[in-house]
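Values reported hereafter were calculated over all heavy atoms of this structure, with side chains retained and with hydrogens, waters and symmetry mates removed. Every number for a ligand or one of its atoms is a count from 1 in the order of the listing. Owing to the predicted nature of the structure, the values given are computational and were not obtained by experimental measurement.
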Amino acid sequence: MAFGKQDLQPLASAPVGAQPPQHVAVIMDGNGRWAAARGLPRVAGHRAGTQAVRRTIEAAIEAGVGWLTLYAFSSENWRRPAEEVMELTGLLRHFIRQELAELSREGVRVRVLGDRARFEPDTRAELDRAERTTLGNTRLNLNIALSYGARDEIAAAARAAAQAALDGTLDPAALTVERFERFLSTAGMPDPDLMIRTSGEHRLSNFLLWQSAYAELIFLDVLWPDFGPAEFNGALVEFARRERRFGARPA
Ligand code: FPP
């Protein structure tokens, strides 16, 4: 169900004793439409989207969410015009340079999911630095999905498992769901409990397909640059109202 800002309830109306989701994943969509609606170039939407990223990180920390995964650049986004790709990677580098010290002070641990080898060396260096600098932080685990595609991730995991079987370190008959997950880029991380997508589109767009098997999905009509604490907390309220059964029958 999609709902707009007007439908979002304040956090105070979450059921008593409701726990926040441990892991929230977000498909940040609508930067281009936000810019077009204002007669601005697309990059202005991405720039405004960066501010929404900052607000969302703060809201996640405030709410006690332990894991936040943001879909910042998909493996398909490389097909966008070179100028937009350059602008997006430039914004990302700028974001890390500007925000890294503050994120680290706030206890945020940054990890990058996806094929970072496709980025220029200076961008890769910034990403490595962000991961290294924040390694010891535990308050919020922030995953930034970059050049990420779930099918690529699952295929790479299958290749690694097949190689381990060839090397004799893995018995194919013993390749359970749990063992297979160790080959994914999210090995050791909790699965997302809640997946939010902005901009009114109802798709997963190749994001965390394996990991979201039991995620609650919330689609919001708001465009990503307009996303903030009210929308984030509203999604947490909606999440708290959902009954999660993980395939089991109600008691
Ligand atoms: C989708 O909007 C958004 C993206 C492809 C990029 C998301 C990037 C940011 C929010 C900024 C940088 C990120 C970080 C982590 C600092 P769209 O361009 O597809 O919008 P449209 O569907 O309206 O055209």
Item to check | atom 9 (C) of ligand 1: nearest protein contact (heavy atom, Å) | outcome: Asn31 ND2, 3.8 Å

Item to check | Candidate list Asp226, Asn31, Val222, Ile27, test side-chain contact (heavy atoms from CB on, under 4.5 Å), partner Thr198, passing option | outcome: Val222

Checklist outcome for this item: closest protein heavy atom to atom 20 (O) of ligand 1 is Gly32 N, 2.9 Å

Checklist outcome for this item: Under 4.0 Å from one or more heavy atoms of Phe95, ligand 1 contributes atoms 16 (C)

Checklist entry - Are Glu106 and Arg139 within salt-bridge range, i.e. N to O under 4.0 Å? => result no

Checklist outcome for this item: Filtering Arg80, Glu99, Arg42, Arg33 for the heavy atom nearest atom 19 (O) of ligand 1 leaves Arg80

Checklist entry - Got a donor-acceptor contact below 3.5 angstrom from the Ser185 side chain to the Leu113 backbone? => result no

Checklist outcome for this item: Ranked by distance from atom 6 (C) of ligand 1, the top protein heavy atom is Ala72 O, 3.3 Å

Checklist entry - Do Trp224 and Ser199 get their side chains close enough for a donor-acceptor pair, meaning under 3.5 Å? => result no

Checklist entry - Would you call Thr50 a ligand 1 contact, heavy-atom distance under 4.0 Å? => result yes

Next on the checklist: Closer than 4.0 Å to some heavy atom of His46 - which atoms of ligand 1 meet that?
Outcome noted: 11 (C), 18 (O)

Item to check | Mode of Phe73 contact toward ligand 1 - side chain, backbone, both, neither (heavy atoms, under 4.0 Å) | outcome: neither

Item to check | Numbered atoms and elements of ligand 1 in range of Asn77, under 4.0 angstrom, heavy atoms | outcome: 5 (C)

Next on the checklist: If we only consider heavy atoms of Ser199, is any one of them less than 4.0 Å away from an atom in ligand 1?
Outcome noted: no

Item to check | From the candidates Thr56, Leu92, Leu146, the one that places a heavy atom nearest atom 14 (C) of ligand 1 | outcome: Leu92

Item to check | Nearest-neighbour protein heavy atom for atom 1 (C) of ligand 1, which is reported as residue plus atom name and distance | outcome: Met28 O, 3.1 Å

Checklist entry - Within the structure, does Asp29 bring an N/O atom to less than 3.5 angstrom of an N/O atom in ligand 1? => result yes

Next on the checklist: Please identify which of these residues, Leu103, Asn141, Thr138, meets the side-chain contact (heavy atoms from CB on, under 4.5 Å) condition with Val108.
Outcome noted: Leu103

Checklist entry - Is the shortest side-chain N to carboxylate O distance from Glu58 to Arg55 below 4.0 Å? => result no

Checklist entry - Looking only at side chains, do Ser147 and Asp115 share a donor and an acceptor under 3.5 Å apart? => result no

Checklist entry - Is Arg116 salt-bridged to Glu131, going by a charged N under 4.0 Å from an acidic O? => result yes

Checklist outcome for this item: Heavy atoms of Glu216 and Glu243 approach each other most closely as OE2-O, 4.4 Å

Checklist entry - Looking at Trp224, which atoms of ligand 1 are within less than 4.0 Å of one of its heavy atoms? => result 10 (C)

